[in-house]
Amino acid sequence: MTDVSIKVTDLTLRFPVYGVDAKSLKKNLARVTVGGRLGSSQTGATEVTALSHLNLNLRAGDRLGLIGHNGSGKTTLLRALSGAYEPDEGQIEVRGRIAALLDLSLGIDPSATGVDNIRLRGRIAGMSSKEIEDKMDEIAEFSGLGPFLAMPMKTYSAGMQARLAFAVATAVEADVLLMDEWISVGDADFQKLAHRRLLNLVERAGILVLSSHDAGLLRLYCNKVMRLESGVASEVKDIRRLDELLAAA
Amino acid sequence: METSQHMLRTGRRGTLFEFSMALRDLVTSYHRRGLAWSLAWHDVVSRYRGSILGPFWITISMGLMVLGIGLLYAKLFGISVAEFMPYVAMGIVFFGLMSGTINEGCDTFVQASSMLSQTSLPMFTFIWRTVLRNLINLAHHAVIIIAVIVVFGLWRVMDVLPAIGGLLLTVVNLAWISMLVAIASARFRDIPQFVMSVMQFAIFMTPVFWKPDAFPDRHAFLTLNPFYHMLTTIRAPLLGQEADGLSYVVLAIMAVLGWALTFSVFAITRRRIVHFL
Ligand SMILES: Nc1ncnc2c1ncn2[C@@H]1O[C@H](COP(=O)(O)OP(=O)(O)O)[C@@H](O)[C@H]1O
Ligand SMILES: [Mg+2]
């Protein structure tokens with residue numbers, strides 16, 4: 001197998017902003033008939049630049065913490081790394097199987113049971129039905145949800161949802177784990193379990209990219225840290241220099 | 001080549017590149033066809049969770065409509081029930097496939113927005129999900145078709161092979177229409193309403209409930225209606241009649257042109273679809 005790596009070169013990512021109004025066909029058709037503004041609506045449309053000229057190189061064993069204010073582009077970077085957002089400029093190359101835990105409710109059907117949701121999430125994460133059944137006991141045990149697994153997910157608390165999502169996502173033999181903020185929702189027991197799994201992942205020569213506002217959590221999980229500010233990335237620094245980066249805020 | 005082990009995403013590199021990326025999306029969706037199937041199946045199961053009859057509720061309501069309209073119109077038009085009931089039964093069931101696949105196409109990407117914005121799943125997967133879900137529904141409603149075939153002894157005269165050919169051509173066409181409205185609906189929120197109106201209009205303009213006997217063969221009123229061709233190529237052979245060869249030709253041409261158009265639109269908008277949502 002090839003080595004696990006993340007290589008981001010000169011990544012720029014913009015969000016076109018489609019005004020609520022502009023979503024109405026009427027307005028767009030009107031624009032066409034008025035003439036001349038069609039061109040400007042394609043090139044001159046409002047855009048938010050969420051990431052600009054970002055470079056990042058991670059190798060096996062790297063556990064990168066992302067810090068930055070709200071709206072600085074952490075989630076956008078994680079989504080781009082998951083393959084969901086296409087770069088406007090530059091290039092993203094990820095070697096290794098990716099598991100993204102960005103949104104707890106991904107593929108979750110609130111009226112379906114925990115077990116059904118494990119199946120659904122597992123399928124989305126790329127497991128075959130057989131793989132899921134083989135791992136079902138392990139996932140169920142790790143989630144610690146016991147009899148709740150037979151209950152509809154709408155009866156779960158946020159922490160319970162996090163357990164289930166985390167249990168499924170880490171059941172996939174992933175090399176690259178992307179996590180956004182929420183890791184802190186679980187209770188102390190769960191945090192301990194999660195910590196062991198994450199360390200396990202890193203021991204298997206994986207990569208972790210974790211965004212968090214919690215300095216303690218970052219010190220616990222990460223060995224490197226990068227700061228984003230309005231879509232511009234700082235250098236990747238050793239976690240021991242976290243205070244320096246935080247102070248720069 | 002992209003595998004689950006290797007992901008490469010780049011900025012635009014010209015039209016040809018965009019088309020090759022769109023093609024890759026299609027190929028990946030084929031490799032992961034099991035997922036589209038699981039999602040479709042999950043949709044059907046979850047929509048009717050807690051209900052005892054599940055999708056058969058729609059079958060029952062369709063069955064009632066067939067019974068009511070079959071008896072009433074046969075009387076009104078002075079046609080025998082044996083002739084009209086199977087005709088209307090197949091009309092309602094197969095038009096249901098068409099309007100379902102197209103109307104639900106509007107929701108395809110909107111419904112999948114959370115998955116599209118945090119995974120690298122192919123977009124075609126969600127198109128297949130909508131199409132497969134409607135085929136699963138059709139499989140339930142097939143009970144009605146089987147009932148009329150048995151009750152009215154159509155199994156003696158029907159010709160299954162051309163009907164299957166008609167169904168395949170129809171589904172290939174429905175798939176591109178469904179995808180085109182999926183992209184358009186993601187960007188313009190008026191499209192679902194528009195599509196729904198068109199389909200409501202179409203059910204009356206298409207010979208679902210009425211027989212086109214009043215028209216001379218190949219009247220423009222019929223030949224210009226794509227749903228007429230879809231319906232007639234499936235229904236006529238099942239009724240023991242021969243569908244006009246022209247209809248198969250029209251459907252085949254429409255499939256090629258329609259997919260060329262839809263695939264091009266997809267290639268051009270693919271990067272942006274996730275931002276439309
Ligand atoms: N779907 C979207 N449409 C438009 N702008 C967005 C969208 N998602 C994020 N943004 C913008 O991109 C920037 C970065 O957002 P995000 O990555 O969510 O920040 P963070 O996770 O660091 O709080 C913000 O300015 C935000 O407004
Ligand atoms: Mg965020």
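First the proteins, then the strands, lettered A, B, ... as listed; each starts at 1. Keep in mind it's a predicted model, so treat the numbers as computed, not measured.
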Checklist entry - For chain A, which of Leu39(B), Leu116(B), Thr119(B), Leu121(B) has the most heavy-atom pairs under 4.5 Å? => result Thr119(B)
Checklist entry - Would you say Arg271(B)'s side chain and Asp88(A)'s backbone share a donor-acceptor pair under 3.5 angstrom? => result no
Checklist outcome for this item: Those residues at least two apart in sequence (or on a different chain) that pass side chain to side chain contact (heavy atoms under 4.5 Å, CB included) with Val45(B) are Trp41(B), Arg49(B)
Checklist entry - Measuring heavy-atom distances to chain A, does Leu35(B) have an atom under 4.5 Å in its side chain, in its backbone, in both, or in neither? => result both
Checklist entry - Who are the side chain to side chain donor-acceptor pair (under 3.5 Å) partners of Asp107(B), not counting sequence neighbours? => result none
Next on the checklist: Quick check on the interface: out of Ser46(B), Ser117(B), Ser38(B), Ala184(B), who has the most heavy-atom pairs with chain A under 4.5 Å?
Outcome noted: Ser117(B)
Checklist entry - By a 4.5 Å heavy-atom criterion (distance strictly below it), what part of Arg14(A) contacts chain B: side chain, backbone, both, or neither? => result backbone
Item to check | Heavy-atom pair of closest approach, residues Arg32(B) and Ile124(A) | outcome: NH2-O, 3.5 Å
Checklist entry - Of the listed residues (Ala112(B), Gly11(B), Ser114(B), Gly34(B)), which shares the most heavy-atom pairs with chain A below a 4.5 Å separation? => result Gly11(B)
Item to check | Proximity of residues 78-87 of chain A to chain B, residues having a non-hydrogen atom under 4.5 angstrom | outcome: Arg79(A), Ala80(A), Leu81(A), Ser82(A), Gly83(A), Ala84(A), Tyr85(A), Glu86(A), Pro87(A)
Checklist entry - CD1/Ile6(A) to CE/Met7(B) distance, rounded to the nearest 0.5 angstrom? => result 8.5 Å
Checklist entry - Is the shortest heavy-atom distance from the side chain of Arg97(A) to the side chain of Gln5(B) under 4.5 Å? => result yes
Item to check | More than 12 heavy atoms from other groups under 6.0 Å of CZ on Arg47(B) | outcome: yes
Item to check | Atom pair CD1 (Ile98(A)) and CD (Gln118(B)), whose distance is rounded to the nearest 0.5 Å | outcome: 13.0 Å
Checklist entry - Within a reach of under 6.0 Å around CZ of Phe148(A), are more than 12 heavy atoms found that belong to other residues, nucleotides or ligands? => result no
Next on the checklist: Quick check on Gln193(B): does its CD atom have over 12 non-hydrogen neighbours (other residues, nucleotides or ligands) under 6.0 Å away?
Outcome noted: no
Checklist outcome for this item: Across all chains, not counting sequence neighbours, the side chain to side chain donor-acceptor pair (under 3.5 Å) partners of Thr170(B) are none
Checklist entry - What residue, out of Gly126(A), Ala100(A), Ala112(A), has the most heavy-atom pairs lying under 4.5 Å from chain B? => result Ala112(A)
Next on the checklist: Counting neighbours of NZ on Lys135(A) that are heavy atoms of other residues, nucleotides or ligands and sit closer than 6.0 Å, is the number greater than 12?
Outcome noted: yes
Checklist entry - Has Phe17(B) got more than 12 heavy atoms of other residues, nucleotides or ligands less than 6.0 Å from its CZ? => result yes
Checklist entry - Which distance, rounded to the nearest 0.5 Å, do you find between the OG of Ser5(A) and the NE2 of His6(B)? => result 7.5 Å
Item to check | Enclosure of Phe194(B) CZ (heavy-atom neighbours >12, cutoff 6.0 Å) | outcome: no
